Amino acid sequence: MSLRYQAPRGTQDILPEDQAYWDYVRDTASRICRLFGYERIDTPVFETASLFTRTTGEATDIVQKEMYVFRDRGGQELALRPEGTAPVCRAYLEHGMGSRPQPVRLWYWAPIFRYDRPQAGRYRQHHQLGAEALGDSSPSLDAEVIELLWRFYQELGLSNLTLYLNSIGDGQCRPQYVETLRRYYRDRLAHVCPDCQARFHRSPLRLLDCKQEQCQPVIAEAPSMLEHLCGPCRDHLSEVGRYLEAVDVPYTMQPRLVRGFDYYTRTVFEVHPPEEGAQSALGGGGRYDGLVEMLGGPPTPAVGFGTGVERIIIQLKRQEVPVPAPGRPQVYVAWQGAEARLPAFRLASELRQKGISVLLATGDRSLKAQMRQADARGITYVAILGPRELQEGSITLRRLADGYQETLPASALLQRILSP
RNA sequence: GUGGACGUGGCCAAGCGGUGAAGGCGCCAGGCUGUGGCCCUGGAGAUCGCGGGUUCGAAUCCCGCCGUCCACCCCA
């Protein structure tokens with residue numbers, strides 16, 4: 001069959017057989033977030049485009065080439081949400097959350113859109129779980145957010161993950177460091193890859209993150225951010241580390257870790273699965289003390305993370321983590337003969353009203369076919385309503401697991417199902 | 001955005017210039033008259049991703065498009 005329509009490139013349907021994973025991740029997320037005292041927030045799928053261009057950074061890839069931007073009929077320039085943090089900050093400001101007890105702890109579960117070239121684990125529409133804590137600069141909050149993310153993965157049953165931690169400094173020390181880094185690279189530009197030559201101008205911190213063979217020697221000798229942090233940033237980082245150690249969240253310092261958004265300050269982190277591979281990062285985040293101010297609000301320190309649901313599910317499958325099976329209907333109502341059609345429909349309805357999930361046979365199949373169906377769907381009981389039962393006001397109840405079956409008065413059916 | 005691999009019924013998959021385009025799973029029906037899971041039999045379902053070209057003849061060769069996947073890039 002030639003497909004007239006396909007889901008747009010980089011998007012996918014989540015079929016019933018996959019929903020068990022989604023339910024599992026979503027339920028776990030909501031439980032853990034509640035456990036940490038985070039409250040759910042939902043923001044629109046699209047926002048004013050400049051919300052992202054202003055905060056994420058004009059020069060970042062996300063803004064430069066990955067945003068879905070469009071004008072609505074009123075001429076407003078809008079963008080499909082390419083990341084979760086800026087909208088939360090916007091909502092924080094818009095609803096005066098600055099006058100709630102600080103910090104304000106929020107979490108979200110939202111589709112994210114980026115016009116990327118699709119690959120396994122990289123889609124044009126994907127979903128993120130995120131948590132943000134706004135209005136407090138304590139390092140304990142960085143650690144709290146990181147612990148929340150870590151416990152979430154743990155709770156899901158994922159293992160062998162690595163948490164990388166770094167600090168990229170703040171307005172005090174980063175500009176100086178970037179200058180130092182540029183000075184270092186200036187003489188060596190001839191020895192680095194073309195991408196790095198571009199990074200030198202566009203986003204110098206990314207130079208440290210290059211994976212090209214030829215750039216490694218240059219990176220190895222490059223000045224480290226960690227050694228150029230100002231006092232407060234250095235203290236902040238070591239405090240974060242101390243808190244993480246106190247709650248046994250294992251981390252690895254990764255001085256080359258940089259993130260793709262311009263708004264980060266100080267703490268940045270990422271979590272990776274054991275496999276090598278390009279788009280492996282499961283989640284990441286950091287502190288963004290300047291973001292709310294960028295949106296026209298008062299100085300408001302904040303920290304948060306985002307983690308990709310699709311990648312988590314890939315990882316759950318790869319690690320063969322068992323997820324709870326979806327609930328199946330308990331009873332299949334089979335019937336035979338035209339006279340039984342209406343009574344069967346009524347029986348199904350009555351059982352459902354008692355809270356028992358029921359599948360009713362459709363059409364006019366043979367009893368054999370109905371049994372086959374019930375079996376294929378993993379149902380517990382088949383209630384049979386045929387001429388015989390109709391005549392004597394009874395129902396035959398068959399347990400599929402062992403084939404035990406009895407015919408009982410219709411009034412006793414419910415009782416029998418509930419207490420076998 | 002760059003480079004590469006791939007694309008056969010819902011799923012897996014053989015075929016690689018001339019076939020009625022295998023097979024398995026799944027689906028539907030039947031194996032006597034009211035009953036599942038195994039087994040047996042039968043059936044439905046394919047313009048071989050789409051469009052063009054080469055050829056007497058194309059699923060098989062060539063080109064373009066679409067899509068998936070891999071590496072880069074970037075990130076979740």
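Only this structure's heavy atoms are used, side chains among them; waters, hydrogens and symmetry mates stay out. So that the names make sense, note that chain A is the first sequence line, chain B the second, and so on, each numbered from 1. Bear in mind the structure is a predicted one, so any value in this text is a computation, not a measurement.
At the heavy-atom level, A/I112 lies nowhere under 4.0 Å from the strands shown. Within the nucleic acid shown, A/A334 has no heavy atom closer than 4.0 Å to any nucleic acid atom. Among the atoms of the strands shown, only primed sugar atoms or phosphate atoms (P, OP1, OP2) are found under 4.0 Å from some heavy atom of A/R9. Residue A/R199 is in sugar-phosphate contact alone, with no base atom involved, counting any heavy-atom pair closer than 4.0 Å across all strands shown. In this structure, A/G403 reaches the bases: a heavy-atom distance under 4.0 Å links it to at least one base atom across the strands shown.
Taking the six-membered ring for Trp, A/Y68 and A/Y115 have ring centres closer than 6.0 Å.
A donor and an acceptor atom never sit less than 3.5 Å apart when one is taken from the side chain of A/R372 and the other from the base of B/U35. Looking at A/Q405, its side chain has no donor and acceptor atom pair within 3.5 Å of the base of B/G36. Residue-to-nucleotide contacts include no donor-acceptor pair under 3.5 Å from the side chain of A/R398 to the base of B/G34. Counting distance only, with no hydrogens placed and no angle test, the side-chain atoms of A/R122 and the base atoms of B/C74 include a donor-acceptor pair under 3.5 Å. A/D375 contributes no side-chain N or O that forms a donor-acceptor pair with the base of B/G37 under 3.5 Å.
Side chain of A/Q119, nearest nucleotide from B/G30, B/C70, B/G34: B/C70. In the set B/C69, B/A29, B/G34, the nucleotide with an atom closest to the side chain of A/E389 is B/G34. Among B/G34, B/G36, B/C28, the nucleotide with an atom closest to any side-chain atom of A/M371 is B/G36.
Side-chain atoms of A/D27 never come within 3.5 Å of backbone atoms of A/S30 as a donor-acceptor pair (strictly under, hydrogens ignored).
Evaluated for a side-chain contact (heavy atoms from CB on, under 4.5 Å) with A/R311, the options A/H126, A/R122, A/Q128 yield exactly one hit, A/R122.
Residue A/K368 places none of its side-chain N or O atoms closer than 4.0 Å to OP1 or OP2 of B/U35.
Counting heavy atoms of neighbouring residues, nucleotides and ligands inside a 6.0 Å radius, atom NZ of A/K354 does not exceed 12 of them.
For A/R117 and B/C73, the CZ to C1' distance is 11 Å, given to the nearest whole Å.
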